[in-house]
Undergrad: 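My questions all concern the structure below.
Chain identifiers are assigned alphabetically (A, B, ...) following the order of the sequence lines, protein sequences preceding nucleic acid strands; residue numbering begins at 1 within each chain. For the numbers below, each heavy atom of this structure counts, side chains included, while hydrogens, waters and symmetry mates do not.
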Protein chains: 2
Amino acid sequence: MAENNALELNLGLGNNFGGHVGQSPRQRCPAPFLLKTYDLLEEGEAENSTKIVSWNEEGTGFVVWSPAEFSELTLPRYFKHNNFSSFIRQLNTYGFKKTSSKRWEFKHEKFQRGCRHMLGEITRKKCEPSVFPAYLKSSSEENATSSTEENNQQQQQQQLMEENKNLKKERLELQMQIDECKALEMKLMACLSQYMETTQNKVRRLC
Amino acid sequence: MAENNALELNLGLGNNFGGHVGQSPRQRCPAPFLLKTYDLLEEGEAENSTKIVSWNEEGTGFVVWSPAEFSELTLPRYFKHNNFSSFIRQLNTYGFKKTSSKRWEFKHEKFQRGCRHMLGEITRKKCEPSVFPAYLKSSSEENATSSTEENNQQQQQQQLMEENKNLKKERLELQMQIDECKALEMKLMACLSQYMETTQNKVRRLC
DNA sequence: GGGAATATTCCC
DNA sequence: GGGAATATTCCC
């Protein structure tokens with residue numbers, strides 16, 4: 001019975017409001033990823049044991065000193081995974097840059113020690129909604145032309161480009177497969193001819 | 001000697017491809033979500049303790065008997081969360097229907113007991129890429145309109161279609177080449193193995 | 001690095 | 001139920 005209620009509550013919670021309604025929906029509360037990454041650095045500050053991850057000296061970026069421990073110990077406490085590469089994928093999504101070839105240091109202009117309030121200004125890089133070259137995009141205001149058809153056509157074009165891309169990928173794969181086949185063929189041939197020779201010799205010798 | 005050859009052959013074969021190349025790239029391996037959900041039901045079958053989740057009597061759908069336990073115990077072993085509502089969100093994404101108001105029963109035509117092989121036919125509902133009704137798509141031929149841009153775009157589109165057609169033709173040719181290669185490979189193999197046998201016999205006889 | 005598919009969350 | 005944002009994975 002209690003379990004039943006708990007269930008209802010869980011499902012029911014979906015109906016409340018976030019409270020952001022009246023505000024500009026953009027750039028208000030920082031993305032969870034940013035908050036977690038920031039917090040995880042704060043937590044590190046408190047410790048004085050071996051550093052796994054920390055702000056850099058100037059507080060203008062952070063360094064993952066031990067990626068292995070970071071992945072295994074830190075990540076799963078903040079995220080739903082323990083993959084360093086997924087973490088980096090997120091950093092890239094939010095526009096962080098790797099700033100050293102010697103260590104795992106990442107920076108973002110708006111991600112600095114002591115500046116939790118700036119996190120809200122960091123936004124995801126948007127995935128370009130279309131692939132059309134710029135010159136097709138710029139001159140789209142004097143369109144008295146029915147934009148629906150144009151959109152339609154753009155859509156078609158997008159599809160074509162997609163298919164095209166896939167076909168090229170397929171072609172590459174097929175070509176590679178052929179190369180493999182050819183290589184194998186050569187080996188087989190060599191093998192066969194070698195066999196024939198050996199046999200001849202053996203037979204000759206035995207005769 | 002024979003072993004050596006066998007080894008070489010094996011090495012050559014080791015580099016082969018996934019094999020899906022020539023096939024339609026869609027609808028092959030089932031989405032992880034579907035596999036996990038299916039497996040989680042199989043696992044349930046084995047037990048004869050209190051049922052948390054199971055196939056329905058006919059095997060045409062499944063029932064979550066205890067959502068609370070399911071969320072707390074089952075979900076986190078298969079997914080990165082323990083929210084019943086996230087699970088249901090996924091079910092909806094893949095087109096499952098809740099089929100009873102009295103219990104948490106879900107069905108999908110292609111999701112049935114003993115039919116793991118059908119899972120590949122279940123696809124995500126696509127988020128409609130555009131909002132245009134179908135009737136807008138058909139009427140795109142009587143465009144005498146001559147905005148240079150439109151022409152430009154149409155030209156591009158034409159080129160794309162052309163390239164597309166050629167790529168498909170190429171694909172077919174490549175596929176045929178591969179088939180030939182494969183056939184030859186088989187022949188060579190057969191030839192080689194026959195040779196090996198014959199040799200053995202000859203040598204034996206001569207000894 | 002980043003595109004794109006899938007998963008998870010949040011909200012309507 | 002489902003749209004849409006964010007997260008995670010997979011792949012180039």
Side-chain angles (χ1 to χ4, degrees), chain A residues 10-21 23 25-37 71 75-76 78-99 101 104 106-108 119-120 122-131 158-159 161-163 165-166 168-173 176, chain B residues 17-18 20 25-37 71 75-76 78-99 101 104 106-108 119-120 122-131:
Chain A
N10 274 338
L11 290 172
L13 278 173
N15 287 339
N16 66 354
F17 284 69
H20 298 302
V21 173
Q23 307 167 2
R26 309 273 160 86
Q27 266 150 318
R28 280 303 80 190
C29 84
F33 170 75
L34 299 169
L35 288 171
K36 289 177 183 177
T37 304
S71 305
L75 284 181
Y78 288 87
F79 306 99
K80 289 176 180 290
H81 66 84
N82 59 358
N83 304 310
F84 195 47
S85 53
S86 290
F87 179 70
I88 289 177
R89 184 73 196 84
Q90 282 284 68
L91 289 177
N92 286 325
T93 297
Y94 285 96
F96 284 73
K97 293 294 174 200
K98 190 167 183 298
T99 49
S101 59
W104 292 99
F106 300 92
K107 290 186 184 173
H108 186 294
L119 298 182
I122 302 177
T123 57
R124 288 168 79 88
K125 289 194 228 168
K126 30 205 144 296
C127 50
E128 288 301 316
S130 89
V131 212
Q158 194 133 17
Q159 278 174 8
M161 287 172 76
E162 179 74 17
E163 197 179 353
K165 203 182 72 182
N166 288 334
K168 281 180 182 163
K169 193 174 145 202
E170 260 192 87
R171 178 174 60 179
L172 194 63
E173 284 167 347
M176 284 173 70
Chain B
F17 285 66
H20 295 302
R26 308 270 160 90
Q27 266 151 318
R28 282 302 80 190
C29 85
F33 170 75
L34 298 168
L35 289 172
K36 289 177 183 177
T37 303
S71 305
L75 285 181
Y78 288 88
F79 306 99
K80 289 176 181 289
H81 66 84
N82 59 357
N83 305 309
F84 195 47
S85 52
S86 289
F87 178 69
I88 290 178
R89 184 72 196 84
Q90 282 284 68
L91 289 176
N92 287 323
T93 297
Y94 284 96
F96 284 73
K97 294 295 174 198
K98 189 167 184 298
T99 49
S101 58
W104 292 99
F106 299 92
K107 289 185 184 174
H108 187 295
L119 299 182
I122 302 178
T123 57
R124 290 167 78 89
K125 289 195 228 169
K126 32 204 144 296
C127 48
E128 286 301 317
S130 89
V131 211

Undergrad: B/Q90 vs B/R124, test: side chain to side chain contact (heavy atoms under 4.5 Å, CB included). Steps then yes/no.
TA: CA-CA 9 Å; B/Q90 282 284 68; B/R124 290 167 78 89; 4.3 Å; yes
Undergrad: The side chain of A/K125 lies closest to which of these nucleotides: C/dG2, C/dT8, D/dG2?
TA: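 The closest nucleotide is C/dG2.
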Undergrad: Could you check how far CZ of B/F87 sits from P of C/dT8, rounded to whole Å?
TA: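 Rounded to the whole Å, the gap is 11 Å.
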Undergrad: Using a cut-off of strictly less than 4.0 Å between a heavy atom of the residue and any atom of DNA chain D, enumerate the qualifying residues of residues 91-99 of chain A by number.
TA: A/Y94
Undergrad: If I take atom OH in residue B/Y78 and atom P in nucleotide D/dT8, what distance separates them, rounded to the nearest angstrom?
TA: 22 Å
Undergrad: Mind calculating the distance between CZ (A/F33) and P (C/dT8) to the nearest angstrom?
TA: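 Whole-Å distance recorded here is 18 Å.
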Undergrad: Give the rounded distance in Å between these two atoms: CZ of B/F84 and C1' of C/dT9.
TA: 16 Å
Undergrad: Rounded to whole angstroms, how far apart are CD on A/Q90 and C1' on D/dA7?
TA: 5 Å
Undergrad: Measure the shortest side-chain to side-chain distance between B/F79 and B/K36 over non-hydrogen atoms and say whether it is less than 4.5 angstrom.
TA: yes
Undergrad: What about B/F87 and B/Y78, are their ring centers closer than 6.0 Å?
TA: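 So the answer is no for these two rings.
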Undergrad: Can you check the A/R124 CZ to D/dA4 P distance for me, whole Å?
TA: 15 Å
Undergrad: Hey, what do you get for CG (A/N82) to CG (A/L75), rounding to the nearest 0.5 Å?
TA: 7.0 Å
Undergrad: Taking five pairs at each end of the helix from C/dG1-D/dC12 to C/dC12-D/dG1, what angle separates the two helix axes (nearest 10°)?
TA: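 Between the first-five-pair axis and the last-five-pair axis there is 0°.
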Undergrad: Round to the nearest Å and state the distance from B/K36 atom NZ to C/dA7 atom C1'.
TA: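 Rounding to the nearest Å, NZ of B/K36 and C1' of C/dA7 are 8 Å apart.
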Undergrad: Strictly below 4.0 Å: does B/K80 bring a side-chain N or O up to OP1 or OP2 of C/dT6?
TA: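 Result: no.
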Undergrad: If only atom types and distance count, is the side chain of A/K125 paired as donor or acceptor with the main-chain N or O of A/Y94 below 3.5 Å?
TA: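 Absent.
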Undergrad: Got a sec, which residues hit side-chain contact (heavy atoms from CB on, under 4.5 Å) with A/N83, two or more places apart in sequence or on another chain?
TA: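 Here the qualifying residues are A/H81, A/S85, A/S86.
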Undergrad: Minimum heavy-atom separation for B/P76 and B/S71, please, with both atom names.
TA: CD-O, 3.1 Å
Undergrad: Can you measure B/L75 atom CG to C/dT9 atom C1' for me and round it to whole angstrom units?
TA: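 Rounding to the nearest Å, CG of B/L75 and C1' of C/dT9 are 14 Å apart.
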Undergrad: Report yes or no: does B/K80 contribute a side-chain atom to a donor-acceptor pair with the main-chain N or O of A/K80 at less than 3.5 Å?
TA: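 Yes, B/K80 side chain to A/K80 backbone: donor-acceptor pair under 3.5 Å.
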Undergrad: So does A/N83 get a side-chain nitrogen or oxygen closer than 4.0 Å to the phosphate oxygens (OP1/OP2) of D/dT8?
TA: no
Undergrad: Of the options D/dT8, C/dT8, C/dG2, whose atoms approach the side-chain atoms of A/R89 most closely?
TA: C/dG2
Undergrad: Kindly determine whether A/I88 and A/W104 satisfy side chain to side chain contact (heavy atoms under 4.5 Å, CB included), including the steps that lead there.
TA: CA-CA 10 Å; A/I88 289 177; A/W104 292 99; 3.7 Å; yes
